[in-house]
Amino acid sequence: MPELPEVEVVRAGLAPAVNGATVTGVEVFDARSLKRHISLIEQQSGEIAQGHGRTLDAATQQLRAADFEKRLTGVTLGPAVRRGKFLWIHIEGSSSVLFGHLAMSGQLLLRGIDAPDDKNVRIRIWLNHPVHGELRIDFADQRRFGSLAIDELVATDDSHPGGLGTELPLIPQQAGHIARDPLDPAFQQDAAVRGLRQKSLPIKMALLDQRILSGVGNIYADEALWAARIHPELPANQVSAKRLNELLTAVQFVFQKALAEGGTSFDAQYVNVNGEAGYFAHSLNAYGRSGKPCNRCGETLKRSEVIDRSSVFCPVCQAKRRRRG
DNA sequence: AAGTTTGTTCAGCT
DNA sequence: CAGCTGAACAAACT
């Protein structure tokens with residue numbers, strides 16, 4: 001499950017291959033992977049089929065696939081940018097971007113044109129790069145929860161760059177509501193702490209709220225809470241500002257650590273960029289270790305459910321009591 | 001073969 | 001009304 005570090009590895013791997021490349025062809029094998037893509041016809045008529053939480057009818061799927069292929073073919077791509085788990089690639093001389101979210105099982109694979117097919121390829125984009133030659137980007141997604149789209153850039157609300165990878169203060173509409181992530185140079189930790197402190201829901205859930213800070217999913221939420229010794233079910237507004245700052249520092253630490261380990265899996269051979277290689281390659285202290293001993297105190301780690309999401313934590317190190325701080 | 005997995009959105013409730 | 005909760009939803013693997 002790609003979270004911020006995995007998405008960043010993908011962004012960094014794609015960036016040199018897409019910047020300056022011309023799109024020579026687009027193939028949509030499964031339009032269900034375009035559920036975030038709104039066709040021009042839908043935009044102009046104002047009748048936008050509900051792509052989220054509902055299966056699109058066949059006609060809309062066909063319309064969107066054709067629209068996506070048409071609007072992307074022939075363009076020249078620019079920088080690859082990321083905020084949180086959202087990823088986009090600028091289109092030169094245009095306010096549109098190629099926009100995507102990998103969700104649970106999405107991968108953006110960079111391949112030579114003669115490479116054998118990977119499993120579950122839903123969308124294929126053919127490229128010609130002035131330096132690297134002919135390439136393919138294959139969007140593979142086993143569960144199809146992820147999607148690609150063409151989206152429009154709008155101004156950022158704080159006039160800082162839209163995300164990592166660009167200096168332009170522009171962000172795709174669909175990512176506009178997402179807060180900056182802890183690895184963003186313009187990330188405001190004080191504001192994130194204030195946002196968390198206003199919530200009465202469990203700290204684990206507040207940490208997953210992409211409007212407060214982005215990029216944290218279930219894995220790194222458990223890891224950061226373990227590192228900061230905070231019980232996942234403690235109401236966010238009962239955690240002191242000091243401990244929330246420690247928590248955000250822990251988030252940055254686990255992100256950096258995963259990024260460093262994920263990064264080592266990706267050598268300079270950009271054509272080998274493979275979303276799978278970085279996932280779960282790093283050592284985890286909490287996630288998936290229910291029933292195993294705590295790496296800090298030896299106590300057996302416990303599994304609980306916080307609003308339908310599984311959480312693993314150490315009942316001793318992360319005692320559910322308010323701590324001074 | 002029912003259960004598990006997760007990011008995101010939203011109806012509906014307090 | 002603002003904020004929160006719980007659920008819905010996507011699809012495939014075990």
Side-chain angles (χ1 to χ4, degrees), chain A residues 1-8 10 29-38 48-58 60-61 64 82-88 99-108 118-123 139-149 151 172-179 181 194-225 232-238 251 255 258 275-276 279-280 284 286-291 303-312:
Chain A
M1 283 129 285
E3 296 184 28
L4 184 147
E6 290 78 22
V7 180
E8 174 55 23
V10 171
F29 303 123
D30 193 330
R32 284 177 291 180
S33 293
L34 286 176
K35 63 186 169 200
R36 292 171 179 275
H37 178 71
I38 311 299
I48 296 167
Q50 293 301 306
H52 261 293
R54 216 165 304 179
T55 305
L56 291 169
D57 60 89
T60 305
Q61 285 193 24
R64 290 187 173 186
R82 179 195 55 74
R83 178 188 289 201
K85 306 169 203 169
F86 283 102
L87 184 68
W88 62 94
F99 178 78
H101 196 297
L102 303 178
M104 284 183 71
S105 55
Q107 300 176 322
L108 282 167
D118 292 277
K119 281 183 185 170
N120 306 311
V121 174
R122 312 298 182 194
I123 297 173
F139 177 70
D141 189 5
Q142 180 193 89
R143 296 180 204 181
R144 297 182 173 93
F145 292 6
S147 67
L148 298 186
D151 199 14
Q173 256 165 11
Q174 292 188 47
H177 65 295
I178 297 292
D181 62 67
R194 278 197 300 278
L196 292 172
R197 288 210 91 181
Q198 282 168 8
K199 299 285 182 181
S200 62
L201 77 174
I203 182 63
K204 163 89 180 260
M205 299 313 292
L207 206 47
L208 294 175
D209 188 337
Q210 307 293 303
R211 293 168 304 182
I212 302 175
L213 69 157
S214 64
V216 181
N218 204 36
I219 298 172
Y220 293 105
D222 278 5
E223 292 301 307
L225 288 164
E233 291 170 22
L234 202 59
N237 59 11
Q238 285 181 33
V251 170
F255 276 175
E276 248 173 359
Y279 302 167
F280 300 115
L284 297 169
Y287 185 85
R289 298 197 65 244
S290 175
R303 182 179 187 275
S304 77
E305 283 195 3
V306 184
I307 314 192
D308 236 21
R309 288 290 182 267
S310 76
S311 297
V312 179

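Lettering of chains follows the sequences in order, A, B, ..., and the numbering in each one begins at 1.
- Side-chain atoms of A:R303 lie closest to B:dT5 of the nucleotides C:dA11, B:dT8, B:dT5.
- Taking every heavy atom of both residues into account, A:L208 and A:V216 meet most closely at CD2-O, 3.6 Å.
- In the set B:dT9, B:dT5, C:dT5, B:dT5 carries the atom at the smallest distance from any side-chain atom of A:Y287.
- With B:dT5, B:dT8, B:dT6 as the candidates, the nucleotide lying closest to the side chain of A:N218 is B:dT6.
- A:R309 places its CZ atom 13 Å from the C1' atom of C:dT5, with the value rounded to the nearest Å.
- Below the 3.5 angstrom threshold, one finds a donor paired with an acceptor across the side chain of A:R143 and the base of B:dT5.
- Residue A:K199 places at least one side-chain N or O closer than 4.0 Å to OP1 or OP2 of C:dC4.
- Residue A:I178 comes nearest to A:S214 through the heavy atom pair CG2-CB, 3.2 Å, listed as atom of the first residue, atom of the second, then distance.
- Rounded to whole angstrom, the span from the CG atom of A:L34 across to the C1' atom of C:dA10 amounts to 15 Å.
- Here the P atom of nucleotide C:dT5 and the CD1 atom of A:I203 are 13 Å apart, to the nearest Å.
- Smallest separation of non-hydrogen atoms from A:D181 and A:G84: OD2-N, 2.9 Å.
- For the pair A:M205 CE and B:dG7 C1', the computed distance is 10 Å after rounding to whole Å.
- With distances taken from any side-chain atom of A:M104 to the nucleotides B:dT8, C:dT5, B:dT6, the minimum falls on B:dT6.
- Shown are A:K35, A:H37, A:R32; of these, the side chain to side chain contact (heavy atoms under 4.5 Å, CB included) with A:S147 is made only by A:K35.
- Relative to the side chain of A:F145, the nucleotides B:dG7, C:dA10, C:dC4 differ in distance, and C:dA10 lies closest.
- Minimum atom distance to the side chain of A:R32 is reached by C:dA11, of the listed B:dT5, C:dA11, C:dT5.
- Backbone-only engagement by A:S200 is indicated by non-hydrogen atom pairs under 4.0 Å involving sugar-phosphate atoms exclusively.
- Between A:Q173 atom CD and B:dT9 atom C1' there is a gap of 17 Å when expressed in whole angstrom units.
- One interatomic measurement links the two molecules: CG of A:N237 to P of C:dT5, which rounds to 10 Å at whole-angstrom precision.
- Rounded to whole angstrom, the span from the CD atom of A:Q198 across to the C1' atom of C:dC4 amounts to 14 Å.
- When each of C:dC4, B:dT6, B:dT8 is scored by its nearest atom to the side-chain atoms of A:L201, the top-ranked nucleotide is C:dC4.
- Of the side-chain N and O atoms in A:H177, one or more sit less than 4.0 angstrom from OP1 or OP2 of B:dT9.
- The structure places CZ of A:R197 at 13.0 Å from CD1 of A:I212, a figure rounded to the nearest 0.5 Å.
- Phosphate proximity of B:dT8 to A:H101: present, with a side-chain N or O under 4.0 Å from OP1 or OP2.
- Computed from coordinates, the A:L102 CG to C:dA10 C1' distance equals 15 Å when rounded to whole Å.
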